[in-house]
4 protein chains.
Amino acid sequence: MRVKDEIKQNAIIEATVALVNEIGFASSSVSKIAKRANVSPATIYIYYKNKDDLLVSTYIKIKTCLGEALMGDFDPSLPVHDTLMNAGAELFNYITKHRELFYFAEQFANSPYSDLVEKAQIEAAFQPLFELLQFGIDQKIIKDAPFELLLAHLYHPIFNLVNPRLNPHFKATQKNIDLAMSMAWDAIKL
Amino acid sequence: MRVKDEIKQNAIIEATVALVNEIGFASSSVSKIAKRANVSPATIYIYYKNKDDLLVSTYIKIKTCLGEALMGDFDPSLPVHDTLMNAGAELFNYITKHRELFYFAEQFANSPYSDLVEKAQIEAAFQPLFELLQFGIDQKIIKDAPFELLLAHLYHPIFNLVNPRLNPHFKATQKNIDLAMSMAWDAIKL
Amino acid sequence: MRVKDEIKQNAIIEATVALVNEIGFASSSVSKIAKRANVSPATIYIYYKNKDDLLVSTYIKIKTCLGEALMGDFDPSLPVHDTLMNAGAELFNYITKHRELFYFAEQFANSPYSDLVEKAQIEAAFQPLFELLQFGIDQKIIKDAPFELLLAHLYHPIFNLVNPRLNPHFKATQKNIDLAMSMAWDAIKL
Amino acid sequence: MRVKDEIKQNAIIEATVALVNEIGFASSSVSKIAKRANVSPATIYIYYKNKDDLLVSTYIKIKTCLGEALMGDFDPSLPVHDTLMNAGAELFNYITKHRELFYFAEQFANSPYSDLVEKAQIEAAFQPLFELLQFGIDQKIIKDAPFELLLAHLYHPIFNLVNPRLNPHFKATQKNIDLAMSMAWDAIKL
DNA sequence: GATGAATGAGCCTTCATTCAT
DNA sequence: GATGAATGAAGGCTCATTCAT
C-alpha cells in the first residue's frame, strides 16, 4: 500500500495558510484549499478529520513553533531584562520571517474557531516564559501582576503593531521595534 | 413610518451582533440574521446593499460610538495623565456595558471584512485623542513615538485583556484594570 | 411576496415518483429530482424539510390516496364477500391506473425509509376495512384470525403478483385477477 | 491460504448483511462494509467485481440457501398437502433462524438492485417446488392456476407477515403460523 | 416598504473505485 | 493477496441575493 505523503501534507498546510491570508477565513473553502495544494478535496480528509480539524491543527502547529522559536534558547545566566528583550527581538524576527504563519494565527485566534482549541496545550509551550516572569517578580525586578497583565503589556503591543490589518501605517523599522520593546519594559519593570 | 423603520433597523443590527457573537462570523448567514430579527431576508436588503454592507456598517457604527464615549468629555484643563487615565477607565466602562458590541468589533477588526472599511473614517473619530497625545509629546510628558506605538501600549493591552477569547482566565477586577492602566502610563510617559 | 406554487410542488412529487421508478431509490438524488422537476435543488427545501421528508411525505400521500380509493364507497348493504371482492377489484384498478405511484410505494415500504413513517397514520386510512373484517368475523363469515393474517392472505397476493420486480412473468389478465381474488376468499372465509 | 480467504470472504458477507439491515441499503457504502469486516476497501474488490456484484452475489447466495433449506428433503411418498405444509414450516424455521439473511433478501428483492439478478438462476433452485405443484394440479388436488398465483397465496403471506417492517405488530406464534399455513392451503386447494 | 418564494452557485463531506507498495 | 492512500464525481444542503406580490 501507499504511504502517507509528507510532501502532500505540507502542501495542504501551506495552501491553507496562503489562502486564508489572501481571501480570508470564511471564504477559504476546502475545495479551494485542495485546488491550491494540487490535491483532491477528498485527500484532505485523509489527513484531517474535517475542515475544523485542518484549521485547528494548522493553528496549533504554528503556535507551538512560535513558542519554540521564542524560548528555544533562554540563557539562564543573563539578566531577566536582557532575556525578555531578546525574546522580543526573536519574536519580531519570527514574525518577519514567517509573516504568512503569523497573520493566519492572528486571524484564527480572534475567530470563533479559536474556541475549539485546547488552550492549555498552547500555554504549555510558553511555560519557560511564565517561569522567567515569576522569577523576575520574585527578584522584585518586575511588577507583581498576573501573567496575563504582564504579557498584555510586554509582547502584545508588538503583535498589534506588526499586524497590517490593525496598523496599516506602522513602519516596522528596527528603531520602532526597539522603541516598542523599551516601552514594554517600562510598563512591566518595577 | 419613520419610527417603524428604526425599530426594524435596530432589530437587524442587534440580531447581527448577537448572532455573530454566538455562532461566529462565517456561520452568520443573512437568513439566520433575518430570522433572529423577525424580519424577512429581503427586508435586510432594503436597509443594506448586501451582506458586506450590513456587517461593515454595523462595525463602523459601533466604532464611532466607542470613539464618542471615549472622548466625549475631554476636559482640556486636566493634566494629560489624568485625561488619558480617565479615558482608559471610560473605555473599560464602555466595554463592560456593551460587551456584545465590543466582541463583535474585535472579531470584525481581525477578519478580512476589516479590509473593506475606510480606515480614515474611523480614525477621524479618534482625532481628539491624537491631538492630546501630540500635546503630551510637545510638552515632553509623553515619549516622542508614533501614535500607533503609543496607542499600542496605552489602550491595546486593555482590549486584549478584556477579550475572553484571548485571555480566558483574566479577571477584570477594578484592581487589575487600575494596574493595567498604570502600567500603560509607565510605558508611554517620558 | 410570491405565493407557494402548487404546480411546482406537484412537479416535484411527480419527478420524485418517476425518477425513483426509473433509476431506483438510492440513486435518486435531490439534484436529479430537481432537474427532472425543472426546479432548483434549493426549491425542494422550501417545500420539504429535507430529502427524507420529501420521500416520506410522498409515500404517505400515495398511501392515503390508495386508502380512499379502496374504501371510498363501501356499501354497508352488500354482503361482506361482495364488498371485499369489490375492494380487491378497486385495488387492482387503482394499481393499474397509477402504476407509478404503486411501484414507488412498494419500493418505499420495503426500504429503511419505511421506518421513518408513523405507521398509525397510515393504518387510520384503512380503518373501514378493519371494521368490515371484524364484522365478518362476528358474523362467522370470516375466519377468526388477527387482521394482519387476514390481510396478508386477502390483498397481499395481489400486491405481490402485480409487482413486475417480484413476478416478471405474471400476466395481469382479468381472469387471473378474478382467480386471485377467489383464492383469497377461500383463504379467509370460514 | 485457502482457509484464510474463506474467513475473509465470510466476514465481508456478514458485514454486508448486518450493515444493510442496520443502516439500510443506500447508506451502506463499500468502505463502511470494509470497516465492519475488518478489511481494506480494496480487498473487497479482490473478491467482487464491484459494489453491485457484492450485493447481488450475497443475495443469490442467500436465496439459493433458502431454496435448499426449503426443498432439500422433499419426500415423494408423502401427500402433496403434507409436503407443502412441511415446506411452509421449514420456511418459517429458516426465516426465524436466519432473520438477518431474510431481511436483507427482502430489502434487496424490492429494490432496483433486484433488476440485476438473473431471475432464472434463482427459479432453478425452486424447481422441485414447481414440479410438486404441477403434480398437485395434475392430480386435481390443487387449483389449476399459474405457479405465480399459487405461490403468491401459498408462501408469500408468510414472507409478508414475518417482516417486521411490513407487519410490526404481528406475533409469530406457532398458532399464528399454523393458521397462516392452513389459510394458504384453503386458498390453493381445489 | 415589506415579504416569503425562488434560485444557481457553492458549501463540506463521502462515494466507488484504483493506485502503489 | 492484501493494504491504506488517493481521487474526481457526486452527495445533501445552505448561501447571498432577487423576484413577484
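Only this structure's heavy atoms are used, side chains among them; waters, hydrogens and symmetry mates stay out. First the proteins, then the strands, lettered A, B, ... as listed; each starts at 1.
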Colleague: Does E:dA6 have OP1 or OP2 sitting under 4.0 Å from an N or O in the side chain of C:Tyr47?
Modeller: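 Affirmative; the distance criterion is met.
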Colleague: Quickly, which of B:Phe102, B:Phe108, B:Phe25 forms a ring-ring contact (aromatic ring centres under 6.0 Å, His included) with B:Tyr59? Name it, please.
Modeller: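 That would be B:Phe108.
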Colleague: If you assign A:Ser31 and D:Lys51 each to the DNA chain E nucleotide with the nearest heavy atom, which residue ends up on the more 5' nucleotide?
Modeller: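 With A:Ser31 and D:Lys51 compared, the 5'-side residue is A:Ser31.
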Colleague: C:Tyr48 and C:Ile13: which non-hydrogen atoms are nearest, and at how many Å?
Modeller: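 Smallest interatomic distance, heavy atoms only, reads OH-CG1, 3.5 Å.
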Colleague: Would you list the atom pairs, donor with acceptor, under 3.5 Å between side chains in residues 34-43 of chain A and any protein atom, with sequence neighbours excluded?
Modeller:
{"residue": "A:Arg36", "atom": "NH1", "partner": "A:Glu22", "partner atom": "OE1", "Å": "3.3"}
{"residue": "A:Arg36", "atom": "NH2", "partner": "A:Glu22", "partner atom": "OE2", "Å": "2.6"}
{"residue": "A:Ser40", "atom": "OG", "partner": "A:Ala42", "partner atom": "N", "Å": "3.2"}
{"residue": "A:Thr43", "atom": "OG1", "partner": "A:Ser40", "partner atom": "O", "Å": "3.4"}

Colleague: In whole Å, I'd like the distance from the NZ atom of B:Lys49 to the C1' atom of F:dT18.
Modeller: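 In whole Å, F:dT18 C1' and B:Lys49 NZ are 16 Å from each other.
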Colleague: Please tell me if D:Lys8 has a side-chain N or O lying less than 4.0 Å from either OP1 or OP2 of F:dT3.
Modeller: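 Answer yes for this pair, as a side-chain N or O of D:Lys8 is under 4.0 Å from OP1 or OP2.
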Colleague: If you check every side-chain atom of B:Ser29, which of E:dA2, E:dC11, F:dA16 has the closest atom?
Modeller: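 The nucleotide sitting nearest to the side chain is F:dA16.
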Colleague: What's the CD1-C1' distance between B:Ile46 and F:dT17, to the nearest Å?
Modeller: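 After rounding, the reported distance stands at 13 Å.
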Colleague: For residues 36-45 of chain D, which residues have at least one heavy atom under 4.0 Å from DNA chain F?
Modeller: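 Residues of residues 36-45 of chain D that come under 4.0 Å of DNA chain F are, in numerical order, D:Ser40, D:Ala42, D:Thr43.
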Colleague: Rounded to the Å, how far apart are B:Asn50 CG and F:dT18 P?
Modeller: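 One finds 8 Å between P of F:dT18 and CG of B:Asn50, rounded.
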Colleague: With rounding to the nearest 0.5 Å, note down the distance linking CD1 in A:Ile44 to CD1 in A:Ile12.
Modeller: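 Between atom CD1 of A:Ile44 and atom CD1 of A:Ile12 there are 5.0 Å.
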Colleague: Rounded to the Å, how far apart are A:Ile33 CD1 and E:dC11 P?
Modeller: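 After rounding, the reported distance stands at 10 Å.
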Colleague: Counting only Watson-Crick pairs (N1-N3 plus N6-O4 or O6-N4) and G-U wobbles (N1-O2, O6-N3), all under 3.5 Å, who is the partner of E:dA20?
Modeller: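 When the pairing criteria are applied, F:dT3 turns out to be the nucleotide that pairs with E:dA20.
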Colleague: Return the CD to OG distance between D:Glu106 and D:Ser114, rounded to the nearest 0.5 Å.
Modeller: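 Spacing of CD (D:Glu106) from OG (D:Ser114) equals 11.0 Å.
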Colleague: Which nucleotide, in any strand shown, forms a Watson-Crick or G-U wobble pair with E:dA9, with both distances under 3.5 Å?
Modeller: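 Checking every strand shown, E:dA9 finds its partner in F:dT14, with both distances under 3.5 Å.
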Colleague: Using atom CD of D:Gln9 as one end and atom P of F:dA2 as the other, report the distance to the nearest whole Å.
Modeller: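 That distance rounds to 10 Å.
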Colleague: Given E:dT13, F:dT17, E:dA6, which nucleotide is nearest the side-chain atoms of B:Val30?
Modeller: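 When the side chain of B:Val30 is considered, F:dT17 is the closest of E:dT13, F:dT17, E:dA6.
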Colleague: Using whole Å, report how far CD1 of A:Ile23 lies from C1' of E:dC11.
Modeller: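 My rounded result for the distance is 13 Å.
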Colleague: How long is the span from the SG atom in B:Cys65 to the CD1 atom in B:Ile60, to the nearest 0.5 Å?
Modeller: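 Going from SG on B:Cys65 over to CD1 on B:Ile60, the span is 12.5 Å.
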Colleague: Which residue, A:Val3 or A:Ser27, contacts DNA chain E at a nucleotide closer to its 5' end, judged by nearest heavy atom?
Modeller: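 Looking at DNA chain E, the more 5' nearest nucleotide goes with A:Ser27.
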Colleague: Given atom CG of A:Leu55 and atom P of E:dT13, what is their separation to the nearest angstrom?
Modeller: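 Distance, rounded to whole Å: 10 Å.
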Colleague: Using only atom types and a distance under 3.5 Å, with no angle test, would you say the side chain of A:Asn21 pairs donor to acceptor with the backbone of A:Glu100?
Modeller: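 Checked: pair present.
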Colleague: List the atom of A:Ser27, the atom of A:Lys32, and the distance in Å for their closest heavy-atom pair.
Modeller: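 Heavy-atom minimum between the residues: O-NZ, 3.1 Å.
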Colleague: Less than 4.0 angstrom between a side-chain N/O of B:Lys35 and OP1 or OP2 of F:dT14, yes or no?
Modeller: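 No, because none of the side-chain N or O atoms of B:Lys35 sits under 4.0 Å from OP1 or OP2 of F:dT14.
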Colleague: Please determine, for the side chain of D:Lys32, which listed nucleotide (E:dC15, F:dA6, E:dC11) has the closest atom?
Modeller: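 The listed nucleotide nearest to D:Lys32's side chain is E:dC15.
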Colleague: Rounded to the nearest angstrom, tell me the gap between atom CG in B:Asp53 and atom P in F:dT17.
Modeller: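 The answer, rounded to whole Å, is 10 Å.
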